[in-house]
Protein chains: 2
Amino acid sequence: MSSTRVLLLGVLLDGPLHGYEVRRKLELWGADSWANVAYGSIYHGLSKMADEGLLEIIESGKGGKTVYGITQAGRDHFYFLLGEYWCDVKPIVDPFQVAVTFMDRMSEGRLLALMHERTQQLTATVGMMARARGGKQGFGAPRHVDESLDMIRSMLQVQLDWLEQAIPRVKDNDLP
Amino acid sequence: MSSTRVLLLGVLLDGPLHGYEVRRKLELWGADSWANVAYGSIYHGLSKMADEGLLEIIESGKGGKTVYGITQAGRDHFYFLLGEYWCDVKPIVDPFQVAVTFMDRMSEGRLLALMHERTQQLTATVGMMARARGGKQGFGAPRHVDESLDMIRSMLQVQLDWLEQAIPRVKDNDLP
DNA sequence: GATGACATATGCAAATTTGTATACAAGTTT
DNA sequence: AAACTTGTATACAAATTTGCATATGTCATC
């Protein structure tokens with residue numbers, strides 16, 4: 001199961017919002033770099049949870065915006081899910097590892113070229129994230145959302161470190 | 001988009017297999033700890049890609065097993081996707097960061113309890129992964145799949161390191 | 001006041017994923 | 001050998017996600 005529901009419920013804890021405001025808040029938090037919420041899913045998620053009684057429709061804009069608020073059942077469910085997310089070690093989904101899995105399917109030349117290319121991409125991304133740090137508070141984002149971004153940055157650093165030691169190994173035919 | 005397609009195509013590179021064999025191979029590679037392939041999706045993915053000409057049905061078992069092989073179009077598509085996975089820095093989806101995002105929604109007591117609980121869970125998981133390292137080669141898994149598991153272990157270590165420095169900060173009211 | 005460029009805001013069909021039900025073979029216990 | 005557990009193997013309905021199509025508002029500029 002994805003994290004869409006917790007995110008939607010969590011965003012609504014402080015008061016009713018309509019779909020687009022939810023989206024903005026998630027963007028502000030940088031959720032797109034550590035969660036997987038396609039913005040199209042927001043509207044489905046909201047209306048589904050309203051059906052289930054976790055949310056209620058505050059203002060049904062016929063043709064316009066629909067404002068959703070969280071119900072007590074919704075709050076309860078949120079705290080239940082939150083507890084799970086804290087306790088359970090769920091798998092971290094890293095698309096790069098799919099690439100690594102098939103590193104033996106390419107010629108050494110192509111592999112090394114791609115490894116260098118990725119090193120550059122990663123360095124740029126990590127640098128950008130470091131600079132972006134703290135820039136969101138001005139727009140009302142809580143201070144601790146930066147903690148998530150720091151962790152993501154460290155995880156990208158793990159990829160960088162791996163590349164750094166793997167490149168010489170590939171050259172020495174120690175890998176794959 | 002998820003990584004189901006590359007994984008299925010990649011698993012079939014070496015020769016035709018039926019659905020359950022694909023599943024076993026992915027399990028052997030430890031794919032469930034860094035990818036998100038529900039085993040139910042395998043059958044859909046295979047038959048869909050067969051429709052699209054990326055795979056071909058080698059042996060259509062009416063009522064029994066269906067064996068799929070990769071076509072040239074499938075190989076081409078695989079290498080195209082693989083290039084993308086190497087170059088593009090796609091978001092790492094980490095469910096724990098959802099938990100961190102809402103750390104300000106709990107009492108300090110409960111938060112600290114959950115942080116300790118997670119520290120323990122993580123320590124256990126990391127230990128298990130360290131011990132499991134290398135144990136799969138005996139069953140025909142390529143040596144470099146361990147590289148993925150190492151990276152995942154390091155990423156879990158990032159969570160541990162974060163917790164270690166965050167716990168005192170919470171106690172000092174420096175967080176959230 | 002027309003034009004264009006953006007930001008705001010939602011909905012939906014098509015594609016995908018999930019969880020579970022099903023079936024049968026093989027082994028093993030009683 | 002009947003009654004079980006376990007492993008093998010697939011399919012499917014229901015739920016979810018995705019990418020895109022569709023409006024509408026607004027602000028500047030010519």
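Values below: every heavy atom of this structure, side chains too, minus hydrogens, waters and symmetry copies.
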Problem set entry | Evaluation steps, side-chain contact (heavy atoms from CB on, under 4.5 Å), between A:Leu46 and A:Thr66 | CA-CA 10 Å; A:Leu46 291 175; A:Thr66 309; over 6 Å; no
Exercise. So, for B:Phe102 and A:Phe78, is the gap between ring centers shorter than 6.0 Å?
Worked result: yes
For this session: Calculate the interatomic distance between B:Asp51 atom CG and C:dT16 atom P; express it in whole Å.
Result: 11 Å
For this session: To the nearest Å, give me how far apart CZ (A:Arg23) and P (D:dC20) are.
Result: 14 Å
For this session: Would you tell me if any nitrogen or oxygen in the side chain of B:Lys48 comes within less than 4.0 Å of OP1 or OP2 on C:dT16?
Result: yes
Exercise. If only side-chain N and O atoms of B:Ser2 are considered, is one of them under 4.0 Å from the OP1 or OP2 phosphate oxygen of C:dT17?
Worked result: yes
For this session: Starting at atom NE2 of A:His18, determine the distance to atom P of C:dT8, rounded to an integer number of angstrom.
Result: 10 Å
Seminar exercise, completed: Whole-Å distance, B:Tyr43 OH to D:dA11 P, equals 8 Å
Exercise. Does a nitrogen or oxygen in the side chain of A:His44 sit under 4.0 Å from OP1 or OP2 of C:dC12?
Worked result: no
For this session: Find the distance A:Lys65:NZ to C:dT10:P and express it as a whole number of Å.
Result: 7 Å
For this session: Please determine if a side-chain N or O atom of B:Ser41 lies less than 4.0 Å away from the OP1 or OP2 oxygen of C:dT16.
Result: no
Problem set entry | Side-chain N or O of B:Asn36 closer than 4.0 Å to phosphate OP1/OP2 of C:dT18 | yes
Seminar exercise, completed: When rounded to the nearest 0.5 Å, the distance separating OH of A:Tyr68 from CD1 of A:Ile57 is 5.0 Å
Problem set entry | Whole-Å gap separating P (D:dA9) and CG (B:Leu46) | 14 Å
For this session: Report which part of the nucleic acid B:Gly40 touches: base, sugar-phosphate, or nothing (heavy-atom distance under 4.0 Å, all strands).
Result: base
For this session: Could you state the atom-to-atom distance from CD of B:Glu27 to C1' of D:dA9 in whole Å?
Result: 13 Å
Exercise. For B:Arg24, which contact category applies under a 4.0 Å heavy-atom criterion: base, sugar-phosphate, or nothing?
Worked result: sugar-phosphate
Problem set entry | Short side-chain to backbone donor-acceptor contact, B:Arg105 and A:Tyr79, under 3.5 Å | no
Seminar exercise, completed: NZ (B:Lys171) and CD (B:Glu108) are apart, to the nearest 0.5 Å, by 9.5 Å
Seminar exercise, completed: To the nearest angstrom, the CD1-P distance between B:Ile42 and C:dG19 comes to 14 Å
